[in-house]
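Index from 1, following the sequence.
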Amino acid sequence: MPAVPTAAPEPLDPSRAAGVDEREPGHHALPVHEPAAAELARAATRAADDLLAPPSGASDDRPAPPSGAADDRPVPPARVRLGDVVPAPERVTPVPGADFVLTPDAAIRVSGDDARAVAGQLAALLRPATGYPLPVTDATRPEPAGGITLTLAASADHGPEGYRLDVTPDGVRIEAATPAGLFHGVQTLRQLLPATIESPLPVAEHWALPGGSITDRPRFSYRGAMLDVARHFFGVPDVLRVIDHLARYKLNHLHLHLTDDQGWRIAIDSWPRLAEVGGAVEVGGGPGGHYTRDDYRRIVAYAAERHVTVVPEIDLPGHTNAALTAYGELAPDGVAPPPYTGTEVGFSYVDPTNERTYEFVADVLGEIAALTPGPWLHIGGDEAFKVRPDAYAAFVERTQRVVAATGKTVVGWHQIAPVAHAEGRVLQWWGTKGEDPVTADAVHRGARLVLSPGNHAYLDMKYAPDTPIGHDWAGMIDVRRAYDWDPGTHVAGVPADAVLGVEAPLWTESVTSRAEVEFMLFPRLPAIAELGWSPRATHDWAGFRDRLAGHGPRWAAAGMAFHRSPEIPWPAERPTPTKRQAAIPTQADHPTPSAPQTAIPTQTGPEEAPAPGPSA
């Protein structure tokens, strides 16, 4: 990504009311400098709180504004309709008067052991808010009325991730060919229940689902988001929470930007100083941190249970100051540079003429590949401004061969497009103009694309000029801009069948906490999810914004921070006794009583949530 000199805000803790460090055990707190940009973080917290709070004194009985223009007045919660799902399903067939009501004696029935894990996940989603036991049992014939049935059927013609969901007065049935399809169907079922289903505590509610059927499958096989954990480090609970957010909207890839100038975030046994030394700082001088091998395995396993594939990125040959700090022998002059805590780019690189560099590359990529069950290995390749073009091409071509030797498929930012093609390689395109003949040529030579246009999909861009965190080099990205583009036709000369999918990157130069991550993701992440999942014929801004509006109360009930965009006709929130808010203090070297503390709705992380009841 282009050079963006950005002052770094201090880390904020999104889940503690007092200034308690939430980092994983073993990541010891180091002295934290408070740069002038700490005020930016405080402003971000205040602004997020203001944007999250519903307008005061508004009536709950005002109608929704017409779909052509936004209205800053809240509108009352509406009954969920079958077509209110995000991403939009392929086909929706409502049946009026055929609603199903979930009752305390309902059970979840499965046909086949492979469906049982998904049934357990469904039960865990529904138990907290309903308070119902929802035992998981084997399906019988004929199926008894009054429950939810998950069925794996090899004959189901829904593809590897599609499903069919039927709601009748007698029960709900989800059918798919794979557990992934069932899981996506569960996310749809979740959205058809009242928004209070997201509450972590029991709610008195009429748990009705609208009658009818949905048949659904994704447009693109790759649908993802990227979290930059190198600029600011995010512990395992934060990453698991992001995975939950992806799964909620049928995104199936999490790209982890694990290394950069400011930090090396993954332990490598054969090069231990990479994490121990290279991971010791972050933007602004904070304590940094890194994932142990067990941490990384835990992230990968948690993602796999939710049918999300982790895509690890080791950025090469540039963006390597943290690695050079740990091992100066890899630097062009053989001298280790000091740690870097700023936000400039393009100044660092490993020596492409040194054989020791290639030993490093082979060892690191080999260990990462062995830890990663997914097919992808991302090598970065962007902004190596100080490497001569011929040396850069030779380095990337050799690194592509290293990746192939691990059995993985190479992914790189589109700057690697000019080099020789490697079988199956994927280019992640982050341009801002649709004309890119170099990338189009690489596609004609066999490359496929994951599209992350900087002016549509980069979720670190500001929503508007007054957004207190984020960048603006690619322009402002409000929700409509995130939604209004077509991945199938976006890059000139690239046919739709060469597009593997879409990804929404979140760079974290100015993003310091879980709450700020959520604030930048929502409500734009569902827009990217719809572009990746839904048929092109369903894309309609007016319809999307109206469907998305109903998700604000869901996020509030789940304790998620989000930007209350004025483009979206958010309904009025119904106060409930389970709604919780936790103060988020700005942490500094010497806190003072005058330090601002504002409340952003938060929720405990995945590992801190109440355990679901046992399955039968």
Side-chain angles (χ1 to χ4, degrees), residues 1-12 14 37 40-41 43-45 47-48 51 224-234 238-239 241-242 245-246 251 254-263 265 282-284 286 313 315 319 341-346 378 380 382-383 413 428-432 450-479 481-483 485 502-529 561-563 565:
M1 49 188 287
V4 183
T6 306
E10 280 291 300
L12 303 182
L40 175 63
T45 308
L51 289 165
M226 187 207 79
L227 179 63
D228 170 16
V229 297
R231 271 50 178 272
H232 279 98
F233 180 67
F234 293 87
D238 293 341
V239 177
R241 185 163 166 90
V242 169
H245 295 332
L246 269 59
L251 295 164
L254 172 64
H255 172 183
L256 287 177
H257 185 74
L258 291 167
T259 69
D260 215 296
D261 292 312
Q262 300 85 352
R265 307 303 183 199
E282 62 185 10
V283 165
E313 180 187 354
D315 207 347
H319 289 275
T341 61
T343 59
E344 296 287 352
V345 299
H378 203 305
D382 61 321
E383 297 171 329
W413 300 106
Q428 186 168 359
W429 188 85
W430 56 274
T432 58
V450 168
L451 294 184
S452 303
N455 55 343
H456 291 283
Y458 265 38
L459 301 188
D460 54 309
M461 294 298 115
K462 293 173 178 284
Y463 290 94
D466 61 350
T467 305
I469 55 176
H471 306 311
D472 60 6
W473 62 262
M476 307 299 157
I477 301 182
D478 56 19
V479 185
R481 190 169 185 84
Y483 186 79
W485 61 285
V502 297
E503 182 179 292
L506 179 62
W507 301 97
T508 62
E509 290 95 337
S510 66
V511 177
T512 68
S513 70
R514 181 191 298 177
E516 290 176 352
V517 167
E518 292 178 342
F519 178 79
M520 299 304 275
L521 291 182
F522 293 100
R524 295 179 295 191
L525 185 67
I528 302 299
F562 65 102
H563 169 49
S565 169

Smallest separation among heavy atoms of S565 and P523, with atom names: CB-CG, 4.3 Å

Interatomic spacing from CE in M461 to OG1 in T467 - rounded to 0.5 Å: 11.5 Å

Nearest non-hydrogen partners of A230 and D260, listed with the distance: CB-CB, 3.6 Å

Exercise: identify the closest heavy-atom pair between D478 and R524: O-CD, 4.3 Å

Between H257 and E313, a side-chain donor and acceptor under 3.5 Å: yes

Side chain proximity check, V345 to H319, heavy atoms < 4.5 angstrom: yes

Side-chain heavy atoms of D315 within contact of D382, under 4.5 Å: yes

M226 side chain near L256 side chain, heavy-atom distance below 4.5 Å: no

N455 and R481, any side-chain heavy atoms less than 4.5 Å apart: yes

From OG1 (T341) to CG (D261), nearest 0.5 Å: 11.0 Å

Residues forming a salt bridge (Lys or Arg N to Asp or Glu O under 4.0 Å) with D228, sequence neighbours excluded: R231

Close side-chain approach of M476 to P465, heavy-atom, < 4.5 Å: yes

Donor-acceptor pair, side chain of Y463 and main chain of M520, under 3.5 angstrom: yes

Nearest atoms (heavy-atom pairs only) where A225 meets L525: CB-CD1, 4.1 Å

Pair Y458 and H471, ring centroids less than 6.0 Å apart: no

Any donor-acceptor pair under 3.5 Å from T432 side chain to A474 backbone: no

Distance in Å, L459 CG paired with T508 OG1, rounded so as to fall on 0.5 Å steps: 12.5 Å

Check: L254 and L246 side chains under 4.5 Å, non-hydrogen atoms: yes

Salt bridge present between D238 and R514 (N-O < 4.0 angstrom): yes

Where V239 and F234 come nearest, the two heavy atoms and their spacing: CG2-O, 3.9 Å

Validation row: V450, V502 side chains within 4.5 angstrom (heavy atoms): no

Heavy-atom closest contact (W485 atom, A482 atom, distance): NE1-O, 3.0 Å

Gap separating the CD atom of E516 from the CG atom of D460, nearest 0.5 angstrom: 13.0 Å

R265 (side chain) donor-acceptor with T259 (main chain) under 3.5 angstrom: no

Distance-only side-chain donor-acceptor flag, S452 / Q428, under 3.5 Å: yes

Q262 vs H232, side-chain contact (heavy atoms from CB on, under 4.5 Å): CA-CA, chis, key distance, verdict: CA-CA 8 Å; Q262 300 85 352; H232 279 98; over 6 Å; no

Side chain proximity check, W430 to P453, heavy atoms < 4.5 angstrom: no

Aromatic contact, W413 with H378 (centres under 6.0 Å): yes

